[in-house]
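Worksheet for the structure shown next.
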Amino acid sequence: MKLLIVGGGGREHALAWRFRLEHPDVTLIAAPGNPGMATIATCVPVGAADIPGLLSLAQSEAVDAVIVGPEAPLAAGLADQCIARGIPVFGPTTAAAQLETSKAFAKALMTDAGVPTGRASLHTTVASAKAAARDFGAPVVIKASGLAAGKGVVVAMTMNEADAAIMSMLDDNIFGDAGAEVLVEEFMTGEELSLFVLTDGETAVPLPAAQDHKRVGEGDSGPNTGGMGAYCPADAGDPSFTWRDRTLPAGVQHVLDIIVEPTLRAMRERGVPFKGLLYCGVMLTPTGPRVVEFNCRFGDPETQAVLPVITADGQLTRVMLQIARGERIDPVQVFDPGDIFAVATVVAAAGYPLAPRTGDVITLPTFDSNDEFLFHAGTTPRDGALVTSGGRVFTATAIGATLAVAQQWSRHLASEVKFTGAFFRRDIAWRALARGA
Ligand code: GLY
């Protein structure tokens with residue numbers, strides 16, 4: 001079996017690790033991959049945005065499937081182009097990826113399909129957006145409709161912050177076309193879960209839920225990032241989301257029933273079936289689960305916490321390949337988290353998320369443990385050394401029999417990665433641990 005993994009972050013490294021674990025003899029090609037992936041895959045210098053280059057690589061290597069990590073190539077039509085050439089591809093078409101790439105599309109679809117989500121209105125002028133923000137009152141959420149590299153959502157605690165966000169998107173065009181339409185959305189209270197669902201467009205198979213930590217600082221302080229760490233399995237303190245006896249929790253089944261199933265049905269009815277990985281960002285509010293956002297691909301860093309805990313050896317690759325080939329998947333498949341927890345701690349570069357410093361020489365820890373994983377993200381070789389090349393540099397994941405143990409070892413591994421300005425949050429999974437999980 002030969003797979004082409006598109007992307008070069010911690011998520012793609014974790015996917016490569018999982019494919020190799022499930023199929024030791026798999027041939028993995030990564031485009032562009034990263035130095036960590038290079039130990040288990042052949043990395044080819046074709047960028048994730050180079051659609052013609054990726055297609056030509058997939059064809060010349062005659063891969064069994066293209067596995068797309070990031071959203072940008074999906075938005076740019078990589079899956080459509082693969083399908084047109086008969087290349088199996090894991091990831092939705094451009095039209096189906098709109099669940100992530102157009103928050104206006106996703107909100108309209110959810111409203112039409114009766115999927116619970118925050119109330120929102122769509123605006124192209126500053127005046128109407130400001131008026132809508134005042135109708136909701138602070139706090140209020142301002143979202144650029146298009147893809148904005150994870151920076152397009154502002155939780156405004158005051159009207160001044162809301163006005164500033166609206167003007168930056170609609171007047172100053174800080175996100176270009178992606179911010180030409182702005183959603184003003186009600187602020188929802190509760191705890192958020194990232195629930196990943198594998199789907200062939202009809203059947204949905206969930207992976208154990210994770211919880212991301214989006215703020216840069218401990219105790220969820222400071223600016224938003226792409227994610228500073230995650231843990232899995234997560235139940236957000238709601239026992240109906242807790243895995244017991246390897247059985248799908250009732251809370252997860254409820255989310256499948258009221259969110260996933262109607263969303264997939266509405267996509268089919270619009271002629272744009274969603275096939276791949278549907279990332280449901282779900283807020284467990286006092287009135288029940290509601291959608292915060294959909295993404296059209298695996299989350300990062302949640303993937304680095306989810307993939308190390310799932311049991312069902314061999315099954316993730318099998319189900320992903322079935323979806324890539326356009327086959328139906330087995331509805332009774334259950335990926336349970338077994339009896340372990342994973343904590344994934346992101347090691348970031350000085351200045352992240354605003355202006356991350358790059359080019360710092362990295363010293364890697366030596367460790368010999370099946371319970372720890374160092375997934376590369378922003379690393380690159382230079383003059384025989386490994387140097388930083390992005391804001392999120394590594395994800396240090398550890399698994400353990402308890403969440404506390406997993407957190408302790410994840411933190412320890414993160415602290416052993418050395419480069420000037422390295423920092424990480426020491427409190428990933430703090431909410432669950434504060435509850436005594
Ligand atoms: N961790 C959030 C995301 O992948 O979008």
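Computed from a predicted structure; not experimentally measured. One-based numbering, in listed order, for ligands and for the atoms of each.
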Q. Does any non-hydrogen side-chain atom of Pro116 lie less than 4.5 Å from one of Ile259?
A. yes
(Q) Any salt bridge linking Arg431 with Asp220? Criterion: basic side-chain nitrogen under 4.0 Å from a carboxylate oxygen. (A) yes
Q.
Check this for me: does any side-chain nitrogen of one of Asp336 and Arg246 sit under 4.0 Å from a carboxylate oxygen of the other?
A. yes
Q: State which residues pass ring pair (Phe, Tyr, Trp, His ring centres under 6.0 Å) with Phe136; sequence neighbours excluded, sorted by chain then number.
A: none
Could you pull out the N/O contacts under 3.5 angstrom between ligand 1 and the surrounding protein atoms?
from, atom 1, to, atom 2, distance (Å)
ligand 1, 1 (N), Asp212, OD2, 2.7
ligand 1, 1 (N), Gly226, O, 3.3
ligand 1, 1 (N), Asp300, O, 2.9
ligand 1, 1 (N), Glu302, OE1, 2.8
ligand 1, 1 (N), Glu302, OE2, 3.4
ligand 1, 4 (O), Arg297, NH1, 2.8
ligand 1, 4 (O), Asp300, N, 3.0
ligand 1, 5 (O), Asn295, ND2, 3.4
ligand 1, 5 (O), Arg297, NH1, 3.3
ligand 1, 5 (O), Arg297, NH2, 3.0

Q) Parallel, tilted or perpendicular: which fits the ring planes of His13 and Phe375, with parallel below 30° and perpendicular above 60°? A) perpendicular
Q. Aromatic rings Phe394 and Phe419: how do their planes relate, parallel, tilted or perpendicular, breaks at 30° and 60°?
A. tilted
